[in-house]
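One structure is given below, encoded as structure tokens.
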2 protein chains.
Amino acid sequence: MTSREQIVTAALRRLNEEPNASMAALAEAAGVSRATLHRHFAGRQELTVAIGRLAQERWERALDEAGVDEAAASGDPARIEATLRDLLATLADVAHEYGYALTEHGLESDPELVARFERLEARELALYGAAQRAGVLRDDMPVRWVSNAVYGLLIGVRDSLRWGDVARRDVTRLLVETFLTGTGARA
Amino acid sequence: MTSREQIVTAALRRLNEEPNASMAALAEAAGVSRATLHRHFAGRQELTVAIGRLAQERWERALDEAGVDEAAASGDPARIEATLRDLLATLADVAHEYGYALTEHGLESDPELVARFERLEARELALYGAAQRAGVLRDDMPVRWVSNAVYGLLIGVRDSLRWGDVARRDVTRLLVETFLTGTGARA
DNA sequence: ATCATCTGCGACATTGATGTCTCACATGAT
DNA sequence: ATCATGTGAGACATCAATGTCGCAGATGAT
């Protein structure tokens, strides 16, 4: 791991705890002098964008490994549902590890990041849409609502783990079941 | 409405759009000079805390008007469910109007705000717990997860409205149904 | 008319974070 | 031994946001 990568991951860890940590704090977290931090990243913006990219790569890998595109194209309900559950399970981890990137607003100012975000989101929307057509998800909800609901629940996951409200091994089940069948008791 | 209140509501409106807006921007949004803003609020902290208090008052009113405590104490499933639906509908509005307070981290540094937050949260947790015991909500989920899921979905509501993904008149139904029965199609 | 109060305006001081620079030291390759 | 490279330490400059102050004009009550 290059020192640049070490800095990014250390900064992410620190920012997950304190989103407004100063560059000095991030340097300290990386075990590096402030000057060295600036040698690798011209400014805070550059560093946070690097973190954003890292998060997106992780997200993209989650989509790839779950086989989102193929499942969406297949139209096979069983396969779509399995993929969906698989994806959500992985996204729970991503939310936990990259929570900072999940909630930070400043990242929207980087066009490259925004563009990639939209591509990734589109792939997810395609899966949700396919799930609706295949009868896996109810089709009387806007796809974008479904997407935003997932996003919100992922923030719930992040907070639950942050505050220690829920054990890590339970959180996947809670997320998936809440998303698919809600919190209501079966009639 | 006193000018102090006008400033708070204008600042809230502005911060809902741009959470990092400067004091100068907030003064402008309130149609007031920067000096006048500082005459009313010694610093940014004081202003954001005032906003936080406002949001909490709104939240408290939502709990009161829905009759959360009485419903929880009654143990009556029908009443609890009606109260729950009612509460969520109101909270959707609160999330829309007070989104800034919903996501801003800096508010956690004010002890008074934190204390009141915990009291309000406790009332909600009591309702969720009662709902679980009454068979309205499934009882195999930690109450705190339920609470965090609501919180997350409210962020989903906020974003959906912010980006125009969902019409305001639809969002209540989407929230309530997603929360209670999930996004999955009925088997 | 007079007085109290609030406000806009603009100048000024402060502050905390940020970015830059220099120099000395450590490491490792040749 | 020498050289290249990367780093720590600390001084320094900069900058944007923040907070303060004084003065003059507006408003409104008596």
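Values below: every heavy atom of this structure, side chains too, minus hydrogens, waters and symmetry copies. None of the values given here were measured: they were computed from a predicted structure. Numbered from 1 within each chain, the chains take letters A, B, ... in sequence-line order.
- By the salt bridge (charged side-chain N to carboxylate O under 4.0 Å, His left out) test, B:Arg138 pairs with A:Glu177, B:Asp140, sequence neighbours left out.
- Enclosure of atom CD in A:Glu104 by more than 12 non-hydrogen atoms of other residues, nucleotides or ligands within 6.0 angstrom is indicated.
- Across the protein-nucleic acid pair, A:Gln6 atom CD and D:dG6 atom C1' stand 13 Å apart, rounded to whole Å.
- Formation of a donor-acceptor pair under 3.5 Å by the A:Asn16 side chain with backbone atoms of A:Tyr100 is found in this model.
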(request) Kindly indicate, with the supporting measurements, whether the criterion side-chain contact (heavy atoms from CB on, under 4.5 Å) is fulfilled by A:Arg158 and A:His96. (result) CA-CA 5 Å; A:Arg158 165 177 158 78; A:His96 180 48; over 6 Å; no
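- B:Glu28 has its CD atom 13 Å from the P atom of C:dG8, to the nearest Å.
- Heavy-atom distances under 4.0 Å link DNA chain D to A:Ala35, A:Thr36, A:Arg39, A:His40 of residues 35-52 of chain A, given in residue order.
- Nearest-nucleotide assignment on DNA chain D puts the 5′-proximal partner with A:Arg34, out of B:Ser22 and A:Arg34.
- Straight-line distance from the CG atom of B:Asn20 to the C1' atom of C:dA17: 15 Å, rounded to whole Å.
- A ring-centre distance under 6.0 Å is not found for B:Trp59 and B:Tyr98.
- Between A:Glu112 and A:Arg53, at least one side-chain nitrogen of the basic residue sits less than 4.0 Å from a carboxylate oxygen of the acidic one, meeting the salt-bridge criterion.
- The interatomic distance linking B:Leu26 (CG) with D:dG19 (C1') rounds to 15 Å, in whole Å.
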